[in-house]
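Data first, discussion second: the structure below is written as structure tokens.
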Amino acid sequence: MERFGNVKTFFRSGFNFGDKTIESQEMKIHIIGKLSQSISKRLNLKDTLMIEYDRSYNKNKLTILENDNSNYKVLGLTEGSVIKSNGKGIAVRIIAENVNITDVLKLVEYTILNRKKINKFLIPTDHNYSYNDENIITVLANSDDFIQKITKKQSNLIDEIINNEVELLNNGFSKTKISWKNGNFTFGFNDIPPTKGNYLKLETEKYAIKDFKYYVENTWNDFFVIFNDSNSFTYFDGREENTFSQKLDEKISDFYPFRLNKDKISNKILLIPFNNDGFYVYKINKKLLQKIE
């Protein structure tokens, strides 16, 4: 959970593999919380705004925009129960496999502007809260059509808000950093030297991508391995000649990420599947990927 002024965010995912292996969905909810604080200020919202996102792994989707309840709810729904309302604040609640930052910000704006009537758009909806089709709970939620009508509309406020850069990672001068702005994640390196000392300006490239599955960072914070999906990755160390995307020639688990050796070994890195035999050797200069059984 994070707090940004009067905005609270709650995120839950089964993807928890340490602070060097981060999925994009975790970063998205941070961005959404940070920018929702700006929306809240612009629209003069004083009450608490709760934003919940539970990452679904069984293709179930649920969206709830509601007034007079900023208590947790998604947490209870995943156990087949409805937590009692606290009778105050507003909420945007999402259960989905993936979220779009701009779309969620539009839902936040709409909920604030239409607070007094927002609960009228909730309808009884059956929600499967587990992998068993028999585990169904009926909850008041919004229809897909209703949500799509909101997200398809252009919003001047949201267009302005998403042009604010959100810093997501900064490991210090000459080390890795990540930010998001206007629909793009940007991987790069901190090129601003300390004010004291004699430092040469760092000359590195940046790597921008609209979305990805997760990234893995090494111990020394001097390169990224960015997985676009379960079976393909991009190596990035700030040098244009080394930036390259590779596709694996076999099916890898969609859930478990690769592990990474602590550092480069003679200009090579080792990628180790969590639940597969063997490992992969990636030769950075030659851009060659080899599986070792």
Side-chain angles (χ1 to χ4, degrees), residues 1-5 7-11 13 15-41 51 53 55 99-102 104-105 160-228 233-245 257-264 269 271 284:
M1 189 187 83
E2 290 187 287
R3 185 141 198 163
F4 307 88
V7 178
K8 295 195 299 183
T9 62
F10 172 81
F11 171 69
S13 168
F15 192 98
N16 299 294
F17 298 96
D19 60 0
K20 296 292 185 181
T21 305
I22 306 296
E23 66 175 330
S24 64
Q25 305 305 313
E26 180 179 344
M27 303 175 85
K28 287 178 183 179
I29 194 64
H30 177 85
I31 297 164
I32 289 166
K34 185 75 174 175
L35 296 182
S36 291
Q37 181 183 17
S38 299
I39 297 171
S40 174
K41 289 179 179 179
I51 303 173
Y53 172 33
R55 184 154 187 240
V99 293
N100 178 283
I101 294 169
T102 302
V104 178
L105 295 177
E160 178 186 339
I161 292 293
I162 62 175
N163 269 297
N164 293 310
E165 186 173 19
V166 179
E167 186 174 85
L168 301 166
L169 175 74
N170 190 339
N171 284 312
F173 176 61
S174 82
K175 301 297 183 181
T176 47
K177 65 179 294 186
I178 306 172
S179 63
W180 184 93
K181 181 179 179 181
N182 199 18
N184 285 302
F185 289 93
T186 299
F187 291 78
F189 290 80
N190 185 335
D191 59 359
I192 302 176
T195 54
K196 295 183 179 180
N198 187 18
Y199 296 91
L200 294 174
K201 182 173 175 58
L202 188 67
E203 298 292 342
T204 60
E205 300 294 326
K206 296 179 180 179
Y207 177 74
I209 187 171
K210 289 191 174 299
D211 205 353
F212 62 99
K213 190 172 180 64
Y214 66 94
Y215 76 83
V216 185
E217 189 182 16
N218 75 326
T219 304
W220 304 108
N221 307 318
D222 58 6
F223 69 86
F224 292 106
V225 179
I226 306 156
F227 280 82
N228 308 303
F233 69 88
T234 299
Y235 173 85
F236 175 71
D237 62 8
R239 299 174 180 86
E240 184 178 5
E241 66 272 17
N242 288 343
T243 303
F244 195 73
S245 296
F258 276 83
R259 290 172 290 167
L260 186 67
N261 63 299
K262 291 184 178 180
D263 201 4
K264 300 174 189 175
I269 60 171
L271 294 170
I284 298 168

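Position 1 is the first residue of the sequence; numbering continues from there.
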Expected output: side-chain K175 to main-chain W220 donor-acceptor under 3.5 Å: yes
- prompt: What pair of heavy atoms forms the shortest contact from L169 to T176, and how long is it?
  reply: CD2-OG1, 4.1 Å
message: Tell me if the NZ atom of K8 is crowded by more than 12 foreign heavy atoms within 6.0 Å.
response: yes
task: Kindly state whether the ring of F185 and the ring of F187 have centres lying under 6.0 angstrom apart.
output: no
- line: Shortest non-hydrogen pair, M27 vs I178, comes out as CE-CG2, 3.8 Å
field: 4.5 Å side-chain heavy-atom contact, P257 and F15
entry: yes
- prompt: Take atom CZ in R239; do more than 12 heavy atoms of anything else shown fall under 6.0 Å from it?
  reply: no
query: Taking the six-membered ring for Trp, are F236 and F189 parallel (under 30°), tilted (30 to 60°) or perpendicular (over 60°)?
result: tilted
- request: Assign the ring pair Y215 / F224 to parallel, tilted or perpendicular, where the plane angle (0 to 90°) is split at 30° and 60°.
  value: perpendicular
- prompt: Hey, does I269 have a side-chain heavy atom less than 4.5 Å from the side chain of I284?
  reply: yes
message: Determine whether a donor-acceptor pair (N or O, by modelled atom type, separation under 3.5 Å) exists between the side chain of T9 and the backbone of I51.
response: no
query: Using 30° and 60° as the class limits, which term best fits the ring planes of Y53 and F11: parallel, tilted or perpendicular?
result: tilted
message: With a sphere of 6.0 Å drawn around CD of E241, does it hold more than 12 non-hydrogen atoms of other residues, nucleotides or ligands?
response: yes
task: Would you mind telling me which of F212, F223, F244, F227 makes a ring-ring contact (aromatic ring centres under 6.0 Å, His included) with F233?
output: F227
- prompt: Considering all heavy atoms of both residues, which atom of I209 and which atom of N228 are nearest to each other, and what is their separation?
  reply: CD1-OD1, 3.2 Å
- prompt: Any luck finding a side-chain donor-acceptor pair between S13 and E23 under 3.5 Å?
  reply: yes
statement: Smallest heavy-atom separation, K181 atom then N163 atom, equals CE-O, 2.9 Å
- prompt: Looking only at atom types and distance, does a side-chain atom of Y214 sit under 3.5 Å from a main-chain N or O of F258, one as donor and one as acceptor?
  reply: yes
field: Any L271 side-chain heavy atom under 4.5 Å of L260 side chain
entry: yes
message: For the residue pair N221 / K20, report whether a side-chain donor-acceptor contact shorter than 3.5 Å exists.
response: yes
query: Is any side-chain heavy atom of K28 closer than 4.5 Å to a side-chain heavy atom of V104?
result: no
query: Between G172 and N190, which heavy-atom pair has the shortest distance, and what is it?
result: O-CB, 3.1 Å
- request: Kindly indicate whether the side chain of F4, heavy atoms from C-beta on, has any atom under 4.5 Å from the side chain of H30.
  value: yes
